[in-house]
Structure formats: C-alpha cells, structure tokens
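Accompanying notes for the structure given below.
Here the structure is a predicted model, which is why all the values come from computation and not from measurement.
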Amino acid sequence: MSAELEGQTAGVPDERLRRWRLVLGGGPADGTGCGLDGMDARMDAALAAVYDQGGGDDADRDRRQGGLGASAPRVARWLGDIRTYFPSTVVQVMQRDAIEKLNLTRLLLEPEMLEAVEPDVHLVGTLLALNKVMPDQARESARALVRRVVEELERRLAQKTRAAVSGALDRSARTHRPKRVADIDWDRTIRANLKNYLPDRNTVVPSRLIGYARRQRSVQREVVLCIDQSGSMAASVVYSSVFGAVLASMRSLRTSLVVFDTAVVDLTEQLHDPVEVLFGTQLGGGTDINRAIAYCQGLVTRPTDSIFILISDLYEGGVRQEMLRRVAAMTQAGVQVIVLLALSDEGAPFYDHENAAALAAMGVPAFACTPDAFPDLMAAAIERRDIAQWAERHLPG
C-alpha cells in the first residue's frame, strides 16, 4: 500500500476497513490493505461469484472471481451460502442479480434449485415467464414456491383490503333518511347538528339525520381488473392476482380479472385460487390494449356502479385512437376508470407518456401504485373520490 493510502486508512477502525473490503471486492485497487478469513472470506466468495466479473489484472481476477458457471450443484451450494450469511431481503436481491448477470434462468427449471432459492415476487415473475418450457418434474416445485409467495402476500394484504373496501361500501351507503332508529349514525348526526345546540336544555335538536341505508346483500359494485401480461409487468401481475382473489371473496363486489397481450384471457373462474390465475398467464409477447378494453366493456352491466382498473405500461401495439375512444365511452357512461402504470414496489416504471397524457386529458388518472396503497385506492374509488387528488396525497411523486 502506498504511503498516501496508509495515511488515509491510519486510525480507521478495523470493522470499518473490514466492511469496505467486503464492498470493494479486494485486490490492489481497494486501498484497505485488509485481509479476510473464516466466515468473512466465505461471504466475500459468495459476493464475488456474482459481482466480481471484471477489473484488476488477470492473475488477481482469476484468484478472486468465483463465478457459478452452469453447474446446478455449485449454484445450489451458493444459494445455501448466501442464505447463511445474509438476511432474506439481501438474498432476494443477490438471487435476482445472479439470474440477470450470469444467465441462470435455465437452472431454475431444476427441482433442486427451486427448493433452494428464497422465494419472492420477482422470482415468481421469472418462473411464470418460464412456465411454458418448464419440465414436468420442476412444475410441482415451482407451484409450491409460487404458493408460498402468494400465501405470504395474502397474509400481508388481505385483511387491510377487506377492511378498507367494506368501510368504503358502508360509507357510500349513507342516507339522510334512515328508516329505523337503529340505522342512525348518532356520532355524525350530532356533529352535523351542533349549531342547533340548546344550552338551557343541554341538548342538540337534530334538523337532519345521518344514517345508513339498509345493508344490501346484493352486489354493490362491479370491479374489472384488466392486466397487461407483457414481460415488464411481471410483479404487477403477481400482486393483481392476489388482490383479485381477495376482492372476489367479498360478496358485495362482482370481480372480474382479465389478462392480455395480443390475445385476451378471462381468468375470473380461477379467482378462487390466485396460484391458478398466475399459471394461467403467459408473460411476454406483444400488447393490444384496445382489444382488452373492448372485451372488458362487455363485462360491465352497471356502468355507474363499476370500477375498471387497467394495469399497463400503456405501450399499445393495437389501434391507439380506438383504445382512447373506448376509454372515453366508458367514462361517459359513468364507469370509474383508473390506469395503474405499475402495481409493485419497484418505483417509477417505464411507460408511454403520450398515452398517459391523452388519458389524463380526458380525466383518467395514470400513475404507479404500491401494493400497500392499493386497498386505500379501492376505497377511494368506491366512494367516487377524485382519484388524481388521492394519488397526489398518498403516493410519492
């Protein structure tokens, strides 16, 4: 190490040097002069297998570059190592990077690999893209992995979704002419009539009542989820399938789920099991949004009580002007139309800005939504609040 580097690292705690050494990957250029042994060396080898794909001279690169090659046993050992040394959130990122950087997609078709990986939404998307080429012996392992992810998402999201939607349906059913005393919302009635308070009698005289309409057992809203299954929408497809299943379990809603590329597939009959929905999709291919919207128009029987949610990056391969005309016709008929550019935690998506602007001009908001915010979005839609204003208040810009 040069005298200058020695001066820079003098007095730096060993733990900080150790962390920098793990980040920088070793070799003469890292400047730490810190060696690794034991578990640290094994952690460094696990990181090097994916991230040390260049830099340094040939001898140094050969010494410290692990690589995973095309060997399933070696990849399985590496998966075991990273699960030992890193938390699950880091493991998921490293798996995703390994699949992309080292082209390990083929190895995911082997059952022993599927049993070793840490399941997450992105891995489910990869498996769904491979569904049609997956060998039979790997299919059951893939289904088990997908089911684990789906069940975890349902535990995280189902209760909040049902609570938000049920509350919104109750609020939307308020009336100023409750038919029974039991139907009066006393808290809201008192607040609405405080101006009629009589101090000498210590009472409020209600000039108007606020209550609930008789609870309806029939369907109160129609919800149509229309999902773009092009490859870039993989995470959105996973989350949409889970939410579709949750909404379909609510008797007050009639929920339909449609997926599309250049063809349209109605998966409503599979909504009792979101895993079946996911394996009914085929990620990749072209996009014909116009054809999908045309099909969904036929599912709407009560326009003023309907919510149509298009989940797409809006890159239209069909007839653009016809697509926009169909959306305009739906909104004019009273359908609440919402466009989600993504339903995922992945941040700002790529999307067709021209089509998004055209939709915004006709009053149809288009924005990305996180899964945790989706239940509140559904509540806002049921109450027919201004969705653009809701998005500005509740979603990051």
Connected via hydrophobic side-chain network under 4.5 Å: [X] and [Y]:
{"X": "Met233", "Y": "Ile309", "value": "yes"}
{"X": "Val223", "Y": "Val259", "value": "yes"}
{"X": "Phe243", "Y": "Val265", "value": "yes"}
{"X": "Val242", "Y": "Met250", "value": "yes"}
{"X": "Leu395", "Y": "Tyr239", "value": "yes"}

Would you say the side-chain atoms of [X] pair up with the backbone N or O of [Y], donor to acceptor, closer than 3.5 Å?
{"X": "Asn355", "Y": "Leu314", "value": "yes"}
{"X": "Thr331", "Y": "Ala328", "value": "yes"}
{"X": "Asn193", "Y": "Pro206", "value": "no"}
{"X": "Arg291", "Y": "Thr262", "value": "yes"}
{"X": "Thr268", "Y": "Ser256", "value": "no"}
{"X": "Glu276", "Y": "Leu271", "value": "no"}
{"X": "Glu316", "Y": "Asn290", "value": "yes"}

- Message: Using the rule side-chain contact (heavy atoms from CB on, under 4.5 Å), only one of Ile382, Val165, Leu169, Leu247 pairs with Ser252; which is it?
- Response: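 Exactly one candidate clears the test, Leu169.
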- Query: Under the criterion side-chain contact (heavy atoms from CB on, under 4.5 Å), which of Leu267, Asp273, Leu128 is the partner of Leu278?
  - Reply: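 By the side-chain contact (heavy atoms from CB on, under 4.5 Å) criterion, Leu278 pairs with just one of Leu267, Asp273, Leu128: Leu128.
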Please report the closest heavy-atom contact between [X] and [Y], naming both atoms and the distance.
{"X": "Asp288", "Y": "Gly318", "result": "OD1-CA, 3.7 Å"}
{"X": "Gly125", "Y": "Ala234", "result": "CA-CB, 3.9 Å"}
{"X": "Gln229", "Y": "Gln282", "result": "OE1-N, 2.8 Å"}
{"X": "Gly244", "Y": "Leu225", "result": "CA-CD1, 3.7 Å"}
{"X": "Leu257", "Y": "Ser240", "result": "CD1-O, 3.9 Å"}
{"X": "Ala333", "Y": "Pro303", "result": "O-CB, 3.2 Å"}

Taking atom [atom1] of [X] and atom [atom2] of [Y], what is their separation to the nearest 0.5 Å?
{"X": "Tyr351", "Y": "Phe367", "atom1": "OH", "atom2": "CZ", "answer": "12.0 Å"}
{"X": "Arg251", "Y": "Ser166", "atom1": "CZ", "atom2": "OG", "answer": "12.5 Å"}
{"X": "Ile293", "Y": "Ile289", "atom1": "CD1", "atom2": "CD1", "answer": "6.5 Å"}

Quick one: does [X]'s side chain get under 4.5 Å of [Y]'s, heavy atoms only?
{"X": "Asn202", "Y": "Tyr197", "result": "yes"}
{"X": "Arg302", "Y": "Arg254", "result": "no"}
{"X": "Val258", "Y": "Ile227", "result": "no"}
{"X": "Leu310", "Y": "Leu340", "result": "no"}
{"X": "Ile338", "Y": "Phe308", "result": "no"}
{"X": "Arg156", "Y": "Pro371", "result": "yes"}
{"X": "Leu253", "Y": "Glu222", "result": "no"}
{"X": "Pro119", "Y": "Val124", "result": "no"}

- Message: Looking at Phe279, I'd like to know if the NZ or CZ of Arg143 sits under 6.0 Å from its six-membered ring centre while staying within 45 degrees of the ring's axis.
- Response: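 Geometry flag: set, cation within 6.0 Å and 45°.
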- Query: Does a sphere of radius 6.0 Å around CD in Glu354 hold more than 12 heavy atoms from other residues, nucleotides or ligands, not counting ones at 6.0 Å or beyond?
  - Reply: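 Open.
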- Query: What do you reckon, is CZ of Arg155 surrounded by more than 12 foreign heavy atoms closer than 6.0 Å?
  - Reply: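 Yes, CZ of Arg155 has more than 12 neighbouring heavy atoms, counting only those of other groups under 6.0 Å.
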- Message: Under 3.5 Å, is there a donor on one side chain and an acceptor on the other for Thr370 and Asp372?
- Response: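 There is no such pair (donor and acceptor under 3.5 Å, judged by atom type) between the side chains of Thr370 and Asp372.
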- Donor + acceptor pair across side chains of Tyr315, Asp228 (<3.5 Å):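 No, because no side-chain N or O of Tyr315 sits under 3.5 Å from a partner of the opposite role on Asp228.
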- Item | Residue pair Glu322, Arg326: steps toward the salt bridge (Lys or Arg N to Asp or Glu O under 4.0 Å) verdict | CA-CA 6 Å; Glu322 185 66 21; Arg326 290 187 187 280; 3.6 Å; yes
